[in-house]
> 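Here it is: the structure, laid out below.
Small disclaimer: the values here were computed from a predicted structure and weren't measured. In what follows, every heavy atom counts, from backbone to side chain, and hydrogens, waters and symmetry copies are set aside. In what follows, chains are A, B, ... by sequence order, proteins preceding strands, each numbered from 1.
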Number of protein chains: 2
Amino acid sequence: MDARTKILETAARLFATHGYENTSLSQVARDAAVSKALIFWHFETKENLFRAVLSRTVEPYSLDLDLDGLSETEQLKKLIDLYYEFVTENLYSVRFFLSLFLRDEAPQSDLFARILELYELYRGQLREIIESGQKNGTIAPQIDAASQAGLILSALNGILVQGFVFAGSTPSAEALLAPLKAALVDTLKIQ
Amino acid sequence: MDARTKILETAARLFATHGYENTSLSQVARDAAVSKALIFWHFETKENLFRAVLSRTVEPYSLDLDLDGLSETEQLKKLIDLYYEFVTENLYSVRFFLSLFLRDEAPQSDLFARILELYELYRGQLREIIESGQKNGTIAPQIDAASQAGLILSALNGILVQGFVFAGSTPSAEALLAPLKAALVDTLKIQ
DNA sequence: GTCTATATACAGATAGAC
DNA sequence: GTCTATCTGTATATAGAC
């Protein structure tokens, strides 16, 4: 692996673990086994390095769906599973981004706009599926699709955050997925 | 106000806004209009100051319930409202504590143990109410009380976190409370 | 209790050899 | 591209006057 990549990977790990301000370039240099000067040669400033790291981190973020042949409630459940998988597969970075948002350290940039956009896209999908089910009579019409989509997503986020914070003590995140589907998806069905 | 208190309040605000590492004692001294040396005279180290700040912050955290004369589902809804009120009233510190947990910056201390304890206490309450309702036949017996309590709490946390991150864009936190109660409490009732 | 002045360490960043 | 040596600022912390 070339030095530039080594720096990026090391910085990604340290930023995600300790945050931006709490990670020194001396530490990145030490862990990556290069000189500090080399970091500046490649990235010019610490902030540029940070942006490069974020860029690489977000790059694989995507949402591609294959919901063919499923009923609306099955589609919703599939989306819930996909979201859960996505977060667990990107645990460190999701956790990191969340902490950036919480501390208002998220720079206003295309990257963060893209993350929010992806999130909105996901919520929009949930909503459309519910509305589609209401049109063809498989989902109760009195439900407010936007609220229900927001609620499902909030519950999912809450489960994941709870997993971040209380690793072990509370019911595990995975164990709450089934009750989530039962309470927030199955109850939508028209019997 | 005496200088010590002034330092504590200033530090509390800065720590909560910028985090521990990102807040310098020079800045605390400047904002509190005292010398840096005075901070050290009162608190000896930066970390001690931090602990003192956390201590003062958590001190008013408590949970006192008055659920007399309410049905089980009404009790659950009341608890949801109380939790929501508690978090919104302590928005900055809750947000701060969450970011500490996310970054593994939470020192293992009585304070953090107390926060987790309070949280467990709340979840235990939800669970007991559900079990009580199952015993007297007002809540469906096939529900797993522990899971349902965890799910309600997760959904609540998710709603609040969503409020932290997306102030404005998504459905407001408050708007999701009613759907939450409808989906996770009212559906428990035996018709 | 509160201050000014200072010690010491380490941060981000640059200069210049190779 | 990569290094060593160094600059400059600022961090935590201390010494000692008042």
> Go through it in stages, so that I can follow the logic: the residues are D186(A) and K77(A), the test is salt bridge (charged side-chain N to carboxylate O under 4.0 Å, His left out), and I'd like the CA-CA distance, side-chain angles, deciding distance and then a yes or no.
CA-CA 9 Å; D186(A) 286 333; K77(A) 289 177 186 176; 2.8 Å; yes
> Hydrophobic clusters here meaning ILVMFWY residues chained together by side-chain heavy-atom distances under 4.5 Å, can you tell me if F112(B) and L121(B) are in one?
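Yes; tracing contacts between hydrophobic side chains, which count when under 4.5 Å, links both residues.
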> If the plane angle is over 60° it's perpendicular, under 30° parallel, otherwise tilted; pick one for F96(A) and F50(A).
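Rings of F96(A) and F50(A): perpendicular, as their planes differ by over 60°.
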> Just checking, is any N or O donor in the side chain of Q27(B) or S24(B) under 3.5 Å from an acceptor N or O on the other one?
no
> Counting just side-chain N and O atoms, does S26(A) come under 4.0 Å of either OP1 or OP2 of dC10(C)?
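No.
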> Measure from NZ on K6(B) to C1' on dG1(C) and round the result to the nearest Å.
17 Å
> To the nearest Å, give me how far apart CG (L14(A)) and P (dA11(C)) are.
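My rounded result for the distance is 12 Å.
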> What is the separation between atom CG on L49(A) and atom C1' on dA11(C), rounded to the nearest whole Å?
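So the CG-C1' distance, L49(A) to dA11(C), works out to 15 Å.
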> Quickly work out the I7(B) CD1 to dG1(C) P distance and round it to whole Å.
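Going from CD1 in I7(B) over to P in dG1(C) covers 12 Å.
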> From CD of E21(A) over to P of dG12(C), roughly how many Å is that when rounded to an integer?
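After rounding, the gap between these two atoms is 9 Å.
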> Which part of the nucleic acid does S35(A) contact within heavy-atom distance under 4.0 Å: base, sugar-phosphate only, or nothing?
base
> So which nucleotide from dC3(C), dG1(D), dT12(D) ends up closest to the side chain of L38(A)?
dG1(D)
> I39(A) CD1 to dT4(D) P: how many Å, rounded?
13 Å
> May I ask whether L65(B) and Y61(B) are part of the same hydrophobic cluster, defined by side-chain heavy atoms of I, L, V, M, F, W, Y residues being less than 4.5 angstrom apart, directly or through others?
yes
> To the nearest angstrom, how far is Q27(B) atom CD from dA11(D) atom P?
8 Å
> Applying the 4.5 Å side-chain criterion to the ILVMFWY set and letting contacts propagate, would L102(A) and L91(A) be lumped into a single cluster?
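Hydrophobic grouping puts L102(A) with L91(A).
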> Heavy atoms under 4.0 Å is the rule here; annotate nucleotides 13-18 of chain C 5' to 3' with B where the base is hit, S where only the sugar-phosphate is, and - elsewhere.
BBB---
> Can you tell me the distance, in whole Å, between the CZ atom of R4(B) and the C1' atom of dC3(C)?
19 Å
> What orientation do Y83(B) and Y122(B) show, parallel under 30°, tilted 30 to 60°, or perpendicular over 60°?
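Answer is tilted, since the angle falls between 30° and 60°.
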